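First the structure, in the form of structure tokens, and then the observations on it.
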Amino acid sequence: MFLLKALGDVVWGRSEDSYLQLTSGQLIYHNTRTKTASKTQCVFKDATATIRKTTTPFNYQLIISRVFDEGEEELEETSDEPEDHERTFLIDEVIGLRKTGKSGGPYSITWADPDDDMCSYEYAIDDGVNEVTVAAFEQMVYHCMFERRYKKAYSEAQDEEIEKYVARVKAIARGEKEASLPPKTPTKVGTSKLVGTPETPATPFGRRPMDMSAAATPTPASPSKLGAKAAPETPVAGMAGAASSKSPKLATTVQVPKGEILALVPSQLFVYNIGKMQHEFRGNVEASLIETEEYKFVLYIRDENPKLCCFVDDQMNGLFFNETLSFQWNQMDEGAGFLFSWSLRFPDVGMFDRFRDTFVRCVYEAKNQEEFAKMAQSEKNYIINAFQEDVEMSDAGDLDVEVEEEEEEEEDEEEDEEDAYDDDEEEEQEAYEAGEKNSHLVVGYKHERSFVSRGNKIGVFKYTDDDQLAHHTTINGIKDMKGATFSPRKLMLHEQDSSMLLMAPNNPHSIFRMDLEAGKVVEEWNVDDIMTVDEIIPENKYAQMTPQKTLIGINHNAIFRIDPRLSGKKRVDSESKQYVTKNQFSCAATTGKGELAVASEKGDIRLFNKLGIRAKTALPGLGDPIIGIDTTENGRWIVATCKTYILLVNTEIPSDEGGVTGSGPTGFQKPMGEKKPHPKRLQLKPEHVAWMGTEVNFTPAHFNAGEGDEKSIVTSTGPFVITWNFRRVKQGKLWDYQIKKYADNVVADNFKFGADRNIIVTLPGNVEMVSKTRLQTPTKMLKSRNGVVNSPY
């Protein structure tokens with residue numbers, strides 16, 4: 001029997017913060033390649049070794065973290081180039097991770113350097129760590145390997161099966177001749193997958209290069225169908241030669257799709273190598289966009305053999321770069337659990353434009369189930385422009401002056417991240433954290449408080465003098481006026497932050513007002529007996545700072561004002577607009593003047609200057625549901641959040657000369673008509689998504705709020721908080737974003753009111769405030785290899 005059977009529920013079951021840790025040891029690097037006497041280097045003289053889940057199922061990391069002596073961490077933070085103080089390794093049988101040492105100790109954990117076959121790492125465990133913990137750690141390592149290989153929980157396997165697997169892995173790690181391991185769980189071959197060979201994980205970063213020959217062969221077809229044209233035998237004109245023999249390779253089996261070819265262009269194929277931080281050439285290819293059936297499309301790439309095939313959908317994270325005439329996208333290999341970052345480079349502008357326009361058509365038709373050709377030309381241009389990069393936006397301002405201002409601000413900031421909870425509040429804090437997980441965050445404007453819902457409780461957090469959060473109190477057992485307990489699905493601060501409006505999951509017709517002084521619900525507002533309320537928003541952007549009584553409600557096809565002072569139902573009939581068609585409204589936001597932007601699950605946005613009338617401007621959707629929307633105070637900019645991108649729209653109407661002044665009318669005030677803006681998609685670069693190791697799923701993005709112009713945008717995906725420099729984005733620098741990784745997925749995030757220096761981050765089991773300067777550029781994070789989630793490095 002395995003020692004870890006008793007720990008199963010703790011590590012892989014009930015606990016979401018599951019890990020096992022060796023608390024004391026040294027990280028040593030052995031270099032057998034060098035001819036000098038210094039073959040061994042102590043990387044961390046004091047470190048912990050932790051096994052932790054990743055966001056990818058059945059994948060685990062070994063994390064070696066430096067332990068600082070007193071005062072060392074403060075000195076590190078003041079350094080211009082802080083040293084890497086964490087090393088992360090994917091637990092995989094290929095690195096030969098195992099325990100060494102004589103019976104009774106001392107023990108070490110050793111493994112091969114993923115980047116160099118001639119080098120290795122050793123975690124020398126201190127004598128103070130007991131033998132039972134070391135044995136448990138070793139067994140857990142093998143269970144992680146087992147789960148990664150067979151894509152199932154080790155607890156579902158028989159003891160004999162695991163024992164045989166572990167024995168073989170140990171034999172391989174000792175250098176003995178490999179007895180073939182049991183085959184991996186088979187993966188079905190599909191046009192949206194890359195399927196690796198049974199012996200080696202399919203990954204462009206693997207330690208074992210593999211030939212990229214394809215198993216399938218194209219079948220003859222009519223001239224309008226796939227297979228009518230063979231791939232060119234000679235390199236495309238103006239393109240580079242063959243790939244380096246040292247470039248990583250991928251074994252694939254690709255089904256040849258059948259259907260109508262909409263576009264077929266010659267190009268070069270590249271794959272991003274995370275370890276080398278560069279795109280590597282994979283050959284001259286033909287790239288086809290094919291309609292396999294009505295409103296279903298695939299991207300198919302081949303040379304003399306099929307290479308890649310994937311569905312055209314939102315998870316592609318597709319991006320076009322004008323400067324390099326290239327297209328980048330992500331593809332998930334579900335068999336190996338890896339995200340790839342691929343790139344196509346086209347020989348000329350004509351080929352680039354043809355592929356881009358056809359791709360946009362495919363994306364639109366797949367999502368909207370309607371023909372792209374039937375749209376008005378201005379709407380087509382609006383959608384196509386959303387995929388264009390490298391373009392400076394209007395109203396950009398003076399970037400150099402802004403950068404200097406930001407540097408001055410950063411110099412004034414303090415970056416103390418110590419735990420701010422007082423000892424006398426620990427008991428109440430523990431009671432708040434018990435049971436369910438955090439679900440919603442609302443940030444106070446009038447008073448320095450933030451509120452986080454957790455089941456039927458609301459935690460109240462205050463701001464400390466050192467820019468941290470401290471738990472202030474807990475509002476327990478939220479109940480309606482009849483005494484029934486509920487967990488709110490929506491929270492909104494109201495009336496100078498003295499009240500909080502709550503919406504119950506099973507009561508779509510009412511809004512409950514909680515008196516925050518009393519800490520209980522004191523009123524129930526029946527909005528309408530028939531019409532439901534899906535979302536509520538303030539009368540204007542900063543209405544919660546005023547005694548304003550009214551607010552705005554929406555549902556799937558109606559927008560209306562709510563006045564709690566009315567007797568009976570609270571919906572104002574004269575200021576209601578109900579549509580006959582199913583508009584699928586999903587969210588809304590107001591400007592400082594009370595102008596209204598309403599978004600839908602179809603991706604379109606309507607701009608109103610007042611309620612009860614038709615929208616002044618309707619911006620077409622790209623087809624993705626909008627899950628959150630925000631506006632600047634002056635209403636000139638909108639951020640609309642979709643699952644894999646954030647749409648940024650300038651609402652100012654260009655003058656007849658085609659320019660904007662920053663003071664002209666907006667689409668809230670006048671119809672934009674043919675003068676619709678060029679929207680921009682804020683996305684993560686595909687190579688950064690591959691490094692993250694998880695598909696993108698953004699939380700609603702927000703501008704910072706307070707006096708002065710907005711400077712930043714914040715959102716999150718999985719365990720990563722992400723900010724964009726809004727002022728640089730307006731200069732066309734769409735990749736100017738920074739990232740911070742947490743140990744758990746982020747539930748919600750927003751800036752502290754008044755500036756963009758501090759971000760309030762809500763995790764399932766914790767709430768904290770982090771300085772924006774703690775975030776790093778993806779390049780810096782890649783260089784440090786901190787938080788590498790899903791790569792064999």
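Predicted model only: the values in this text are computed from it and were never measured.
Atom CE in M503 sits 10.0 Å away from atom CE in M492 (nearest 0.5 Å). For the atom pair OG1 (T532) and NE2 (H509), the distance works out to 6.5 Å, reported to the nearest 0.5 Å.
For the residue pair A597 and I638, the shortest heavy atom distance occurs at CB-CD1, 4.2 Å. Contact between L441 and A748 at its shortest, heavy atoms only, is CB-CB, 3.9 Å. The heavy-atom pair separating E539 from A543 by the smallest distance is N-CB, 3.9 Å. The shortest heavy-atom contact between R489 and V533 is NH2-O, 2.9 Å. T723 and I759 get closest at one heavy-atom pair: CG2-CD1, 3.5 Å. Closest heavy-atom contact between N557 and N583: CB-N, 4.4 Å.
Of the possible polar contacts, none joining the E575 side chain to the V572 backbone as a donor-acceptor pair under 3.5 Å is found. Looking at S600, its side chain does come within 3.5 Å of a backbone N or O of K602 through a donor-acceptor pair.
Atom CD of Q369 has more than 12 neighbouring heavy atoms from other residues, nucleotides or ligands inside a 6.0 Å radius. Within a 6.0 Å sphere centred on CD1 of I613, other residues, nucleotides and ligands contribute more than 12 heavy atoms. The 12-atom threshold is not exceeded at CG of D709, counting heavy atoms of other residues, nucleotides or ligands nearer than 6.0 Å. Heavy atoms of other residues, nucleotides or ligands lying less than 6.0 angstrom from NZ of K675 number more than 12.
For Y542 and Y445, the ring centers sit closer than 6.0 Å to each other. In this structure, the ring of Y382 has its center no less than 6.0 angstrom from the ring center of H678. F585 has its ring centre no less than 6.0 Å from the ring centre of H556. Under the 6.0 Å cut-off for aromatic ring centres, F751 and F703 do not qualify, their centroids lying 6.0 Å or more apart. Separation of the W525 and F512 ring centroids does not fall under the 6.0 Å cut-off.
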**Report entry** Verdict with reasoning, N330 to N317, per side chain to side chain donor-acceptor pair (under 3.5 Å)
**Finding:** CA-CA 6 Å; N330 289 119; N317 198 37; 3.2 Å; yes
Query - Steps toward salt bridge (Lys or Arg N to Asp or Glu O under 4.0 Å) verdict (K446, D497) - result: CA-CA 6 Å; K446 189 71 174 179; D497 288 358; over 6 Å; no
Requested in this report: Could you walk me through whether K569 and D573 pass salt bridge (Lys or Arg N to Asp or Glu O under 4.0 Å), step by step?
Outcome: CA-CA 10 Å; K569 69 175 185 177; D573 291 332; 3.3 Å; yes
Requested in this report: Go through E535 and K490 one step at a time and tell me if the salt bridge (Lys or Arg N to Asp or Glu O under 4.0 Å) criterion holds.
Outcome: CA-CA 8 Å; E535 290 288 329; K490 173 73 178 181; 3.4 Å; yes
**Report entry** ring-ring contact (aromatic ring centres under 6.0 Å, His included) between H440 and F451, intermediate numbers included
**Finding:** CA-CA 8 Å; H440 300 91; F451 304 81; over 10 Å; no
Query raised in the report: Yes or no on salt bridge (Lys or Arg N to Asp or Glu O under 4.0 Å) for R454 and E436, after CA distance, side-chain angles and deciding distance?
Result: CA-CA 6 Å; R454 191 183 187 97; E436 299 188 52; over 6 Å; no
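N704 and E710 share no donor-acceptor pair across their side chains, judged by distance under 3.5 Å alone. Remark: the D749 side chain and the T699 side chain contain an N/O donor-acceptor pair separated by less than 3.5 Å. Q548 and T550 share a donor-acceptor pair across their side chains, judged by distance under 3.5 Å alone. Side-chain contact check for T631 and K541: no donor-acceptor pair (N or O, by modelled atom type) lies under 3.5 Å. Between the side chains of S771 and R757, not a single donor N or O lies within less than 3.5 Å of an accepting N or O.
Under the 6.0 Å distance and 45° angle rule, R636 does not count as a cation-pi partner of F668. Remark: K374 is not positioned above the aromatic ring of F372, lacking an NZ or CZ atom under 6.0 angstrom from the ring centre and at most 45 degrees off the axis. Annotation: cation-pi pair R449/Y463 absent, no NZ/CZ under 6.0 Å from the ring centroid and within 45° of its normal. Annotation: cation-pi pair K740/Y742 present, NZ/CZ under 6.0 Å from the ring centroid and within 45° of its normal. Annotation: cation-pi geometry not satisfied between K367 and Y364 (NZ/CZ under 6.0 angstrom from ring centroid, within 45° of ring axis).
Each of Q669, K610, K616 was compared with E595 under the side-chain hydrogen bond (donor to acceptor under 3.5 Å, both in side chains) criterion, and only Q669 meets it.
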